[in-house]
Structures are given as C-alpha cells and as structure tokens.
Undergrad: 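Attaching a single structure in structure tokens format; questions to follow.
Reminder, nothing fancy here: chain letters follow the sequence lines and each chain counts from 1. The figures that follow rest on heavy atoms only: side chains count, while hydrogens, waters and symmetry mates do not.
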There are 2 protein chains.
Amino acid sequence: MLKSATNRADGQRHSMAQRIERALLDEIGTGDLRPGQRLDEVGLARRFGASRTPVREALSRLTAQGILVQGERRGVFVAEYSREELSQIFEAMHEIEAACARIASQRLTLLSRSEIEAAQVACVAAAEIGDRSQYLRANESFHLAIYRATGNPYIAEIASEFRRRTGPFRAKKFETRDDLLASARSHAELINDIFSEDSATASRSMRSHMTASFLETLRAN
Amino acid sequence: MLKSATNRADGQRHSMAQRIERALLDEIGTGDLRPGQRLDEVGLARRFGASRTPVREALSRLTAQGILVQGERRGVFVAEYSREELSQIFEAMHEIEAACARIASQRLTLLSRSEIEAAQVACVAAAEIGDRSQYLRANESFHLAIYRATGNPYIAEIASEFRRRTGPFRAKKFETRDDLLASARSHAELINDIFSEDSATASRSMRSHMTASFLETLRAN
DNA sequence: TCTTTTCTTTTTGTATACAAAATTGCGACA
DNA sequence: TGTCGCAATTTTGTATACAAAAAGAAAAGA
C-alpha cells in the first residue's frame with residue numbers, strides 16, 4: 001500500500017493515523033462505538049485498510065486524551081464510567097463550562113454573538129423537525145461557539161475535550177422530539193444570560209443548564 | 001534487543017514507550033529540554049537505546065497532551081508560547097486552580113490536610129537550604145496534594161496537565177533563595193485560606209496566588 | 001552574481017516481521 | 001466433576017525495512 005498522506009479528493013491532507021483517529025472519535029461521539037467496547041488493533045487495521053502502525057498511533061493518542069482507556073489486562077476500550085465517575089466528570093465539566101460562560105460574557109463581540117445565535121437557530125430547526133443527529137451536531141456547534149467566544153483556545157480545548165468524553169452519555173438523553181425542544185428552550189435562556197454581559201449571571205445560568213443536563217444524563221444511563 | 005516490558009530492578013514494569021514519555025516529560029518539566037527545541041526521532045531512539053517505534057508513540061502521546069507541538073513542516077518541538085499565549089494559558093489555569101481550591105476547601109479530610117501540610121513542610125525545608133530542584137519537586141507535590149483534596153481525579157488531571165505545560169516557564173522564576181522563600185510564604189497563606197473551609201475565601205486566595213505567580217513568570221520569560 | 005533546476009540527503013509515515021506475555025482451551029489427574 | 005498444568009493461540013510491544021515527501025546542496029544557466 002502506498003504512503004497514506006496522499007492528496008485526497010476532498011482536499012484534506014491527513015495522514016492515515018489522523019484519519020483513523022478522526023473516524024474513531026466520530027463513531028464514539030455518535031454512540032456508534034459504545035462505552036466499554038473493545039477496540040481490536042488488527043480488526044481496525046483491516047477495517048481501514050491499513051497496518052497496525054497507524055491504528056496504534058490513533059489509539060495511543062485517543063488514550064492520552066482519555067477517550068479510550070487501556071484495560072488492565074488486554075486491549076483498549078472505549079472509556080466507560082460508573083455513576084460516581086460520571087458525576088465527577090460532570091462536576092469538572094460544570095466548572096469549565098461556567099468559567100467559559102463567565103469569560104465569554106465579558107468578551108462578546110459581534111462575531112461571536114452571531115455565531116452563537118446562528119448555532120441556536122440551527123438547534124431550534126433540528127428540534128422542530130425532530131432530527132436527533134442533526135440536533136446533536138447543532139448542539140455541539142452551539143457550545144463550541146460559546147467556547148470560542150471566550151477568546152481563549154486553551155480553555156476552549158478543555159471544554160471541548162470534556163464534551164467529547166461525555167458525548168456518548170449525553171447523547172442518550174435525546175430520545176423524543178420533546179427532549180430536543182426542551183434543550184433548545186434551555187439554550188434560549190442561556191443565550192439571554194450570556195448576552196446580558198453580566199458575568200455572574202452568565203456563569204450561574206450555565207451552571208443551572210449543566211445541572212439539568214447532568215440529571216437527565218444520569219437518568220438516561 | 002529484547003522486548004522492553006521487562007522486569008526491572010526498580011520493580012517498575014513500564015514499556016519502553018512509557019519510559020521514554022516519562023523521561024521526556026521530566027526533562028521538559030525541569031527545563032532540561034527548552035521550549036522550541038526540536039526532538040529528533042532517531043536521535044532520541046539512539047539516546048534511549050530503542051527503535052523509532054516507541055519514541056514515536058511517546059512523542060505522539062505528548063503531542064496529544066499539548067506538551068509538544070508538531071511543526072508546520074518538519075519535526076516535533078517542545079511547545080513554545082508567546083506572551084499572549086502564555087497569558088491565555090494562565091487564564092485557563094487560574095480558573096481550574098480556583099475551582100480546585102474551592103472544591104478542596106469543601107471536602108477537606110484529615111488525610112488531605114496532612115498531605116498538604118507535609119508538602120508545605122518540604123517546600124519550606126527546600127526553600128531554606130535554597131535547593132532549587134528540590135523546591136520544584138516539593139512545590140509540585142504541594143499543588144498536587146490540593147488537587148487530590150478535591151476528591152475529583154478528572155479536575156485534578158486537568159490541573160496537573162496545565163502545571164506540566166507551564167512547568168518550564170514557571171521554573172524560570174525560581175532563581176534565588178529569596179524567590180523560594182517568597183513562594184513558600186505565599187503557600188502558607190493559601191493553606192490558611194483553604195483550611196478555613198470557606199470556599200469563596202479559598203478560591204479568592206488561590207486566584208491571588210496564581211496572579212502573583214503569573215506576573216513573576218511573565219517577568220522571567 | 002543571482003536564479004533556477006536537479007540531485008542528494010533527511011525526515012516522515014507505514015508495512016511487515018518477530019519475540020515476549022498473556023489468554024485460552026484442552027487434557028490429565030485427583 | 002473439579003482443578004491443575006501445559007500447549008496452542010492471541011495479543012502486545014518493538015525492530016527493521018522501505019517508499020514518499022520535504023529540505024538542503026550542488027550545478028547549470030542567465
């Protein structure tokens with residue numbers, strides 16, 4: 001097989017290892033790969049038409065990010081969390097999200113306002129037609145827009161990482177169209193409070209949004 | 001060469017890749033490897049008496065953690081930050097540290113209190129004899145003890161990561177014995193405020209500690 | 001002398017081979 | 001029937017080989 005960093009039709013110039021990492025991240029995010037599932041190196045290599053080397057690199061990086069965990073004995077698994085662990089992760093996520101909301105509310109620009117609003121429009125649209133996977137994407141854009149609005153890529157990256165890690169668990173709570181609509185309504189309040197440019201209000205509002213999200217997630221898992 | 005996950009005299013059972021990762025992390029933390037320095041795969045392989053494969057794995061994981069960065073063109077480098085980037089990183093670190101202090105103050109146990117106190121004793125001892133590298137280690141233990149006191153390994157891990165990332169920059173501000181003593185005195189106040197078990201006080205105190213640390217770091221870099 | 005082109009060397013990404021552990025399955029023996 | 005031990009298989013970690021791409025150096029032309 002040729003070296004993989006080839007020019008692709010889509011113009012992307014990723015290496016095979018990066019492509020595999022992306023693909024796995026995506027499958028985990030959408031819940032396609034379930035927490036606790038074992039990832040077999042040779043199996044993945046066959047699936048992606050590559051050798052074990054780039055698969056190994058992808059798995060290693062995902063492990064370093066906490067998306068995957070190395071089993072005590074054998075194999076790499078999609079990270080799986082107990083109730084206790086989930087609430088610890090959400091506690092940490094609470095803190096980061098609240099900090100993002102606070103900072104974002106202090107640094108809002110016309111651009112970031114419109115990015116957040118645009119994402120919210122997409123959320124409402126997806127919720128109204130009841131398209132779950134479209135809503136998941138729009139919801140992610142919405143939160144990423146808030147992270148970007150902090151103007152701080154480092155805290156934004158941490159927040160995104162937690163979002164990726166909790167993705168498969170949060171995804172479970174969106175079942176019915178009403179779930180989506182309720183989430184979108186919660187966004188609306190959040191936007192109001194962040195756009196108020198009062199950092200304490202923004203932070204408090206994000207905390208309440210996250211608490212609600214957490215409770216629903218716990219119920220669904 | 002034999003497979004590397006051998007039983008070692010020190011009882012450690014790390015793979016070669018893990019050992020290389022640790023070693024590099026250590027050298028970066030102590031400032032032995034400078035920000036901006038290029039890490040050559042074959043050179044490292046020779047240095048560690050291994051092949052490129054485990055070196056590659058270590059570099060890949062450190063890159064995923066943001067300790068190293070992939071240069072646009074060629075090579076992996078120790079992450080190097082501009083003034084602007086440094087202040088963004090410290091802003092994020094502020095938030096995490098403040099959250100840790102707040103949570104820790106709410107969840108103090110006898111064990112975590114004594115761990116923090118023990119680390120502080122070591123800090124004072126190192127500062128008094130003016131042993132820089134010993135102080136660096138004791139200081140790290142001190143902050144790790146606070147992170148552990150949160151009872152939340154996830155937020156503790158984020159905090160540790162930021163500490164590792166900023167290590168080479170913070171290290172520069174400890175030059176004279178007086179620098180060490182001043183830092184140790186700052187710790188003492190911090191301990192008081194965290195042990196007061198008033199979360200707002202603890203958080204505020206950590207913010208002021210971090211702000212001071214940041215300003216000194218900026219001056220030194 | 002400066003630019004452009006071509007050749008050489010280095011570097012990077014991947015494939016494959018192999019050896020050491022660990023796991024599993026099987027059979028012997030109690 | 002249960003369990004202990006041993007061989008077969010799988011899995012993991014590392015070494016090595018190789019090909020593509022990029023960087024660097026040297027040579028040719030203006």
Side-chain angles (χ1 to χ4, degrees), chain A residues 1-25 33 36-65 67-80, chain B residues 1-25 33 36-65 67-80:
Chain A
M1 177 165 299
L2 295 177
K3 187 187 172 187
S4 71
T6 52
N7 291 311
R8 293 193 14 203
D10 58 8
Q12 302 265 40
R13 250 176 142 306
H14 297 308
S15 70
M16 177 63 74
Q18 286 173 302
R19 246 185 292 171
I20 294 173
E21 186 181 342
R22 286 286 196 150
L24 291 178
L25 208 47
L33 281 171
Q37 188 162 338
R38 176 158 180 269
L39 294 178
D40 171 44
E41 288 182 5
V42 294
L44 290 173
R46 257 205 312 274
R47 244 188 73 199
F48 289 103
S51 77
R52 274 177 59 221
T53 309
V55 170
R56 219 135 190 300
E57 191 167 323
L59 295 183
S60 161
R61 296 175 64 107
L62 291 171
T63 302
Q65 290 175 58
I67 312 285
L68 305 179
V69 290
Q70 260 179 314
E72 274 315 294
R73 314 253 152 190
R74 181 172 61 113
V76 180
F77 300 82
V78 180
E80 180 176 44
Chain B
M1 175 165 300
L2 294 177
K3 185 190 173 187
S4 70
T6 52
N7 291 311
R8 294 192 11 197
D10 57 10
Q12 303 264 41
R13 250 177 143 302
H14 296 306
S15 69
M16 177 63 76
Q18 286 173 302
R19 245 185 291 170
I20 295 173
E21 186 181 343
R22 285 287 196 149
L24 290 178
L25 209 47
L33 281 171
Q37 189 163 337
R38 176 157 180 269
L39 294 178
D40 170 45
E41 287 182 6
V42 294
L44 290 173
R46 257 204 313 273
R47 244 189 73 201
F48 289 104
S51 77
R52 274 177 59 221
T53 310
V55 170
R56 219 134 191 298
E57 191 166 325
L59 295 182
S60 159
R61 294 176 64 108
L62 291 171
T63 303
Q65 291 174 58
I67 312 285
L68 305 179
V69 291
Q70 261 179 313
E72 275 313 294
R73 311 255 152 191
R74 181 172 62 112
V76 179
F77 300 82
V78 180
E80 180 177 43

Undergrad: Going by heavy atoms in the side chains, are B/Leu44 and B/Ile20 under 4.5 Å from each other?
TA: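 When only atoms from C-beta onward are counted, B/Ile20 and B/Leu44 do not touch, as no gap falls below 4.5 Å.
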
Undergrad: Report the distance from atom CD of B/Glu41 to atom P of D/dT14, rounded to the nearest whole Å.
TA: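 Checked: the CD to P distance equals 15 Å.
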
Undergrad: Check this one for me: any side-chain N or O of B/Ser51 less than 4.0 Å away from OP1 or OP2 of D/dA15?
TA: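 Result: yes.
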
Undergrad: Tell me the interatomic distance from B/Arg46, atom CZ, to C/dT10, atom C1', rounded to whole angstroms.
TA: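 Atom-to-atom, B/Arg46 to C/dT10, this comes out as 13 Å.
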
Undergrad: Quick check: are there more than 12 heavy atoms from other residues, nucleotides or ligands sitting under 6.0 Å from CZ of A/Arg22?
TA: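 Counting other residues, nucleotides and ligands, CZ of A/Arg22 stays at 12 neighbours or fewer.
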
Undergrad: Give a yes/no on whether any side-chain N or O of A/Arg56 is located under 4.0 angstrom from OP1 or OP2 of D/dG13.
TA: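 Yes, such a contact exists.
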
Undergrad: Among C/dT11, D/dA15, C/dA17, find the nucleotide with the atom closest to the side chain of B/Arg38.
TA: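 Closest of the options to the side chain of B/Arg38: C/dT11.
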
Undergrad: Tell me: CZ of B/Phe77 to P of C/dT11, nearest whole Å?
TA: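 Nearest whole value for this atom pair: 11 Å.
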
Undergrad: Picking from D/dG13, C/dT14, C/dA15, which would you name as closest to the side chain of A/Met16?
TA: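 Nearest nucleotide to the side chain: C/dT14.
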
Undergrad: Taking atom NE2 of B/His14 and atom CD of B/Glu21, what is their separation to the nearest 0.5 Å?
TA: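 Interatomic distance, B/His14 NE2 to B/Glu21 CD, rounded to 0.5 Å: 10.5 Å.
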
Undergrad: Quick one: A/Glu57 CD to D/dG13 C1', roughly how many Å, whole number?
TA: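 Rounding to the nearest Å, CD of A/Glu57 and C1' of D/dG13 are 15 Å apart.
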
Undergrad: Can you tell me how far C1' of C/dT14 sits from CG of A/Leu59, to the nearest Å?
TA: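 For the pair A/Leu59 CG and C/dT14 C1', the rounded distance is 15 Å.
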
Undergrad: Just the rounded figure in Å: distance from P of C/dA15 to CZ of A/Phe48.
TA: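 Rounded to whole Å, this separation is 13 Å.
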
Undergrad: Atom CZ of A/Arg52 to atom P of C/dT14: distance rounded to whole Å?
TA: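 Computing the A/Arg52:CZ to C/dT14:P distance gives 15 Å.
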
Undergrad: How long is the line joining CG of A/Leu39 and P of D/dT10, in whole Å?
TA: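 So the CG-P distance, A/Leu39 to D/dT10, works out to 19 Å.
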
Undergrad: How do B/Val42 and B/Thr53 order along DNA chain C: which one's closest nucleotide is nearer the 5' end?
TA: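 With B/Val42 and B/Thr53 compared, the 5'-side residue is B/Val42.
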
Undergrad: Give, for atom CZ of B/Arg19 and atom CG of B/Leu24, the distance between the pair rounded to the nearest 0.5 Å.
TA: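 One finds 13.0 Å between CZ of B/Arg19 and CG of B/Leu24.
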
